[in-house]
Amino acid sequence: MLAVVGQSPVVPVESKVVEAAIFKTGQCLVVREVSLKKGNHRYRLDVLPDAFDGTVWYSTPKNAQISALETKIDLKSVKKQSPALTPLERLIGNINQTVTMRTKSKAVITGRLLSVSDPQKPVVAIESKGGETSFIAVEEIASISGPGMKETLETTQRSYTVAIEFQAIANAPVKARIITLEYGAVWASNYLLDLTSPGQGELTGKAQVAAGSLALNRAKVKVLSGAPNMLSTSKFDLAAGYGSAMSYVFGNQGSYEQFRTSPADPFALLPRYVPPVGRYAAQDGLFRGGRQTNLQGGTGAVLASTDFISYDPTDNSIVVADPIRDYRQSYGTEKPPTPDRMESIYAYSLGELTLARGARLTKALFQQSTTVESLIKWEAMWSEADVVTSVLRVKNTGLQPWTNGPVFIVRENVPLSQVEMPFTSPGKTADLSTGKVQDVIVQRLEREVSRDVINDPRSANAKVSQLVSEFRFSLENGRAETTTAELVARVPGDILESADAVIEKLPLLQSVYNRFNEVKWRVTLQPGEKKELVLKARRID
């Protein structure tokens, strides 16, 4: 509900963040606690969370009750006098005065100054004693004089106060909670894999938390994998959303801030109403988030902080960006996460944390022993190029998943590689690709064995070709040691013959005739040894 501030007294109430659940994308589920006095009182909250649509809740004990939250807005217009220092300011400050202007072409015009229009290329309208109106570009004026000319400029500046108020009745002093989903902090995960012995390793996971607008003081903090599943058409909440409230006040209901579907900078997306630079710049303009609207002169807006803290989904890192240099990037061109980086939501508890605005904290999530298998992985997908990589296959032996993040791999304190950790559920394995392989030579060939014309299984009046193909996959070990290799091939059609392969039938797409099969072989190659794997498949061409 939106209302204009009344004159009834309110009780200021301080809130404390007691819990915060932080997503990598910058959204935070924040639980604030407020102390209510005994009796029936109206309270004003000391913060203004910028909540997403439908994500403002409140709760009280059984012996207390809160009425609906209201966003209260107090608008004021204040007239101020400032020295008129520039020719344009002197003109604006002396409208309706009789002045004499000399132009650069030596023309002299005396009359009543009517108006100054077009702030980009200002033009002066002046009326002579005979009633004739002349229009002169300000840049053509050489001097201006006149009896009783004002040396000051009167400007009208708009100010406003926004706050959340609520009515509460309590039978005794109690604590109530207000819960919101808002921007305020980000986090990123990373790992250290220490190869302690052949086939074994120690994996340490840690979280790096960066506070944006959200300050924490002994709050219970969780960091979350995944991202909240929200409609892309959600708006900021009018009950507590600063940006939406301002849009409502100034008649821009159609331009409420949209919920972002891409990772976002928590500083950049918070409402940022900042003082303008230059004279009378806020005469009837409003600066929103460092951007200016309806500007009548002036030189622009000043961003309220020196840097932004943001999450970069391309490498799972937290970055600090310069707001001026990276203005475009900070305001809407963040790269969304790719589908292979999407994760299930899981909460990692960090316990009680104290973190000031703009501060960072690194804390261990877990440490566990894991099995480590070194192998060559050959991915031979249908109609795609061969990919042969060296892989460390590690097993999650813990009770919590591994979220996306970089893995730093060492052996006896010697760094070997840094690779990407995929989201890995407990009991599952993750393949850490440490680089391309050149010394295991692979080749695959397809040979057509037969081709027949058959009735189209989807149409009684059509014919299609059905063929049988033989696939040959060969691997040759160019290494001086025994190597284990895993071949993963994707083949369309029905598998007729396979040499000890593990076959998994993939779902049939309605738009195609052939079901794909994922075929896996696991072979051991002695130094210099070459092996060939063969299968036959039948498909509709």
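Panel note: side chain Asn404, backbone Met421; a donor-acceptor pair is recorded below 3.5 Å. Checking side-chain atoms of Ser225 against main-chain N and O of Ser344 turns up a donor-acceptor pair under 3.5 Å. In terms of modelled atom types and a separation under 3.5 Å, the side chain of Glu343 and the main chain of Gly226 share a donor-acceptor contact. The backbone N or O of Thr180 lies less than 3.5 Å from no partner atom in the side chain of Thr55, so there is not a single donor-acceptor pair. Asn517 contributes no side-chain N or O that, together with a main-chain N or O of Lys505, makes up a donor-acceptor pair within less than 3.5 Å. Although no hydrogens or angles enter the test, the distance criterion places a donor-acceptor pair under 3.5 Å between the side chain of Thr397 and the main chain of Ser369. Under the 3.5 Å distance criterion, the side-chain polar atoms of Thr25 are left unmatched by any main-chain donor or acceptor of Phe23.
Residues Val410 and Leu195 are not in side-chain contact: their nearest non-hydrogen atoms beyond the backbone lie 4.5 Å or more apart. The shortest distance between side-chain heavy atoms of Pro49 and Ile164 falls below 4.5 Å. Side-chain contact between Leu36 and Val34: present, with at least one pair of heavy atoms (C-beta onward) separated by less than 4.5 Å. Using a 4.5 Å heavy-atom cutoff, the side chains of Tyr348 and Gln400 are in contact. Side-chain contact check for Val419 versus Ile409: some heavy-atom pair is nearer than 4.5 Å. At least one side-chain heavy atom of Val13 sits under 4.5 Å from a side-chain heavy atom of Leu45. A heavy-atom distance below 4.5 Å is not found between the side chains of Leu399 and Pro426. Ile178 places none of its side-chain heavy atoms less than 4.5 Å from the side chain of Ser59.
What you find for Phe166 and Ser67 is that their closest heavy atoms are CB-O, 4.2 Å. When all heavy atoms of Ala210 and Arg360 are compared, the closest pair comes out as CB-CG, 4.1 Å. For the pair Ser189 and Pro406, the tightest heavy-atom approach, listed with the atom from each and the gap, is O-CD, 3.3 Å. Contact record, Lys222 with Ala347: CD-CB, 3.9 Å, taken as the closest heavy-atom pair. Of all heavy-atom pairs between Asn63 and Ala172, the closest is ND2-CB, 4.2 Å. Minimum heavy-atom separation, Ser425 to Pro401: CA-CB, 4.2 Å.
Contact check on Glu70 versus Arg44 returns no salt bridge, with no Lys/Arg side-chain nitrogen under 4.0 Å from an Asp/Glu carboxylate oxygen. With respect to the salt-bridge test (charged N to carboxylate O, under 4.0 angstrom), the residues Arg42 and Glu165 qualify. Ionic pairing of Asp431 and Lys377 is present here: one or more N-O contacts between side-chain nitrogen and carboxylate oxygen are shorter than 4.0 angstrom.
Taking CG of Asp194 as the start and OG1 of Thr370 as the end, the distance is 12.0 Å to the nearest 0.5 Å. Taken to the nearest 0.5 Å, the CG atom of Leu193 stands 9.5 Å off from the CZ atom of Arg411. Atoms CD1 and CD, on Ile376 and Glu486 in that order, are 11.0 Å from each other to the nearest 0.5 Å. Interatomic distance, Phe516 CZ to Met381 CE, rounded to the nearest 0.5 Å: 10.5 Å. Rounding to the nearest 0.5 Å places CD1 of Ile66 at 11.0 Å from CD1 of Ile169. Atoms CD and SG, from Glu182 and Cys28 in turn, are 7.0 Å apart once rounded to the nearest 0.5 Å.
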(request) Go through the steps to decide whether Ser35 and Lys175 satisfy the test side-chain hydrogen bond (donor to acceptor under 3.5 Å, both in side chains), and finish with yes or no. (result) CA-CA 5 Å; Ser35 296; Lys175 291 187 182 296; 3.0 Å; yes
(message) Would Lys80 and Leu153 count as a side-chain contact (heavy atoms from CB on, under 4.5 Å) here? Give the steps.
(response) CA-CA 8 Å; Lys80 293 186 177 181; Leu153 175 68; over 6 Å; no
(message) Go through it in stages, so that I can follow the logic: the residues are Leu69 and Thr71, the test is side-chain contact (heavy atoms from CB on, under 4.5 Å), and I'd like the CA-CA distance, side-chain angles, deciding distance and then a yes or no.
(response) CA-CA 7 Å; Leu69 300 177; Thr71 301; over 6 Å; no
(message) Set out, in order, the CA-CA distance, both residues' side-chain angles and the distance that settles side-chain contact (heavy atoms from CB on, under 4.5 Å) for Trp187 and Leu350, then state yes or no.
(response) CA-CA 12 Å; Trp187 81 283; Leu350 299 186; over 6 Å; no
(request) Report the C-alpha distance between Thr434 and Val391 in whole Å, list the side-chain angles of each, state the deciding distance to 0.1 Å, and finish with yes or no for side-chain contact (heavy atoms from CB on, under 4.5 Å). (result) CA-CA 6 Å; Thr434 57; Val391 166; over 6 Å; no
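With Thr354 as the partner, the side-chain contact (heavy atoms from CB on, under 4.5 Å) test is satisfied by one option alone out of Leu216, Leu361, Asn217: Asn217. Checking Glu518, Glu384, Glu504 one by one against Arg490, the salt bridge (Lys or Arg N to Asp or Glu O under 4.0 Å) holds for a single residue, Glu518. Under the salt bridge (Lys or Arg N to Asp or Glu O under 4.0 Å) rule, Glu19 has a single partner from Arg218, Lys220, Arg177, Arg32, which is Arg177.
Classified by interplanar angle (parallel below 30°, tilted 30° to 60°, perpendicular above 60°), the ring pair Tyr191/Phe366 is tilted.
A donor atom on one side chain and an acceptor atom on the other are not found under 3.5 Å apart for Glu202 and Thr196. A side-chain N or O of Lys24 and one of Thr403 form a donor-acceptor pair less than 3.5 Å apart. Between the side chains of Asn396 and Thr424, no donor-acceptor pair is found at a separation under 3.5 Å.
Summarising the local packing, NZ of Lys206 is surrounded by 12 or fewer heavy atoms from other residues, nucleotides or ligands at distances under 6.0 Å. The number of heavy atoms from other shown groups lying within 6.0 Å of CD (Gln81) is above 12.
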